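Presented below is the structure to which this report refers.
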Amino acid sequence: MFQSDTYLCMAFPVPTNQDAYIVDFIPHASMDTVHHMLLFGCQTPVSTSSYWDCGSVQGTCEDEASIMYAWARNAPPTKLPKDVGFKVGKNSGMSYFVLQIHYGDVSSFRGEQPFIAGIYLLMSVDTVILPGKKVTNADIACDYTSYPIYPFAFRTHTHHLGKVVTGYRIRDGKWSLIGRQSPQLPQAFYPANKEVNVKYGDTIAARCVFTGEGRTSKTYIGGTSDDEMCNFYIMYYMDSKHAIPYMNCMETGSKELFQHIPAEANVPITVSPGYMNSMMHMEHSTDYHLEQMSTWPQSSLQLGQVSGLAIDSDSNLVIFHRGDHHWGANSFNSQARYQQRSLGPIQQSTILVVDPAIGNILKASGRNMFYLPHGITIDKENNYWVTDVALHQVLKVSSDGSDRTLLALGEAFTPGSDNNHFCQPTDVAVDPETGNIFVSDGYCNARILKFSADGKYLSEWGAGSSDRRRRIPFRVPHSLVFLPDRQEICVADRENGRIQCFTAETGEFVKEIQKDDFRGEVFAITYSPAEDGLIFAVNGESPYRSAPLRGFVINYSTKDILDTFSPKKEDAAKPNREEGILPAIITTLLLIPLLVVISIGLFICWRRNSMYGNKAKGLNLGNFFASHKGYSRQGFDQLSTEGSDQERNDEDSSDSENEEYSALPPPQSTS
């Protein structure tokens, strides 16, 4: 056990068969325990063991060490300018990274645990998948030379081409399964084979099965969505006297060894909605109950107002937030024109890709692009579709870190109600087959618009009703979800407290779900095709009636509420009655589909907030983190999906079809 003011170092090899570049630094630490971190690059580290004491005596590198990055006091991630990177690997003279951590206070680590958990990672670094080739195997194997470990969970990871990943312990020639899973399922940690332990002299092995079908060029191991990865994680425990927190294996397994791999490792796992549902519910298909995961994330994310969540094609959580910008009472004038352009775009990374298991930031992008982010959706090619209520635009943004805008709909900073303008658009949904785009528009319009994949306007419609004489217009169409198995689009009509669904082809009204349990508002919805269709919805607090904050699991066909879920009571903050300002709560974070929601847990904590004398909605993760040992509230602003998304007064409307879904174009500003 290391003590306070200890300098701990770890060495990480850099691929030397090609040039590589560092373009981003994302720290995973808290000043509560770490005084500072330094990242060095060098040819030969002092040690290649898992970690070592690198104080003044032993040091970091045998040769000259180059400082590449420094961190302290909860500094945010650092992203280099476009087309700029630190060169490493190959001919750079840097074959290793050495991370030096100066622990300032390790009191939170102290405690007597007889066993300590750790991670063993098997990873392929040189696999090449040939285009059109039906099967390519990536084999990894290492002899185990340490004290016994006891695997209790495993996780698999590839990108799109992976079919199955399997891990084994080999002892006396016998292969014993640790775990086997399709990487196309939610990539959580699953229970490992409890009968298997690993001791000195054993071999740990893994195989990833890929297909090159559909590719026209070679696919290499790499970090982008066009590359591939082959990872098999083993979560284990071992005696605390000999604990090693992290071990890895990157050696290619020999052909002779893998001639004896069990046949099961070569059989792809077919992924279907029913199978995914049974896996995620541990074969209890009628158990829909969700619980908040109060220990997530494990370290500070340093977020601003959070406006949206999504899941990318690698099953990672993607967070869309507002950095140091806030939606306040003075953000817009009466004509919905943004009044704070002088602040410039948000300088922080507004799009964060986060490990859903522990909450570590994997990738950060979206700097100097947005003013007031709102909704985010990810298409099958991993592109981000986002809305910005200040810009009055819908943007398609590349997810490769280049921050390229691939498509822009609407005119920047110009609200409107015609085919080429939006007025504070809220959300986007994408048809994965046709690529058609659906936009909910929004705070000062009341319509859904449909565009082709290349941005051509196709149609629009307003609220529906089975009785045209009693059609009630949308009041803030706030969240959209596409139902791929039904070819429908559903919308959370926030202030009307209802969900309406339409055919994606024509916009024809299909059904409405409105429940007293919603208590007047529905902020966000999502959908899973499991169990013949499940809708997940989140309500919000209304100033006119008492409404407990809850999420709902709804049978699409019967409209019955199957279950509810809610934040833990001890994490819900009490209103400040002394201020005399109406408190309310925002619950408009985009829900994650059933299968992914369960795999990462419900980690959101709601808090009452008071703003401007109007109804304000906020999710305060700052208070949530501050309520847990090891987290500081410092660096957190109020986190919300709307800030002070201002409510509009109820207005009578005629039966005019146009008036039903569009506001009058705002008058031109004279300024």
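Bear in mind that the values here come from a model prediction, so they are computed numbers and not experimental data.
Listed by chain and number, the residues in a side chain to side chain contact (heavy atoms under 4.5 Å, CB included) with Ser459 are Lys450, Trp461 (sequence neighbours excluded). By the salt bridge (Lys or Arg N to Asp or Glu O under 4.0 Å) test, Arg486 pairs with Asp532, sequence neighbours left out. Residues meeting the side chain to side chain contact (heavy atoms under 4.5 Å, CB included) test with Pro77, sequence neighbours left out: Ile26, Pro27, Ile361. With sequence neighbours excluded, no residue forms a side chain to side chain donor-acceptor pair (under 3.5 Å) with Ser465. With sequence neighbours excluded, the residues forming a ring pair (Phe, Tyr, Trp, His ring centres under 6.0 Å) with Phe370 are Phe320, listed by chain and number. For Asp517, the side chain to side chain contact (heavy atoms under 4.5 Å, CB included) partners two or more places apart in sequence, or in a different chain, are Lys515, Arg550, Phe552, Ile561. Under the side chain to side chain contact (heavy atoms under 4.5 Å, CB included) criterion, Ala412 pairs with Leu391, Gln393, not counting sequence neighbours.
Side-chain contact annotation: Tyr443 with His392, donor-acceptor N/O pair under 3.5 Å absent. In the model, Ser299 has no side-chain atom that pairs as donor or acceptor with a side-chain atom of Ser30 under 3.5 Å. The closest side-chain donor-acceptor pair between Asn445 and Ser417 falls under 3.5 angstrom.
For residues 386-400, the set of pairs meeting the salt bridge (charged side-chain N to carboxylate O under 4.0 Å, His left out) definition, not counting sequence neighbours, comprises Asp400-Arg404. The disulfide (SG to SG under 2.5 Å) contacts involving residues 471-509 comprise Cys490-Cys501, where partners must be two or more places apart or lie in separate chains. Applying the disulfide (SG to SG under 2.5 Å) rule to pairs touching residues 374-418 yields nothing, sequence neighbours excluded. Within the structure, salt bridge (charged side-chain N to carboxylate O under 4.0 Å, His left out) pairs that include any residue of residues 496-509 comprise Asp493-Arg498, Arg498-Glu512 (at least two apart or interchain). Sorted pairs that involve residues 392-421 and meet disulfide (SG to SG under 2.5 Å), not counting sequence neighbours, are lacking altogether.
Between Glu460 and Arg447, at least one side-chain nitrogen of the basic residue sits less than 4.0 Å from a carboxylate oxygen of the acidic one, meeting the salt-bridge criterion.
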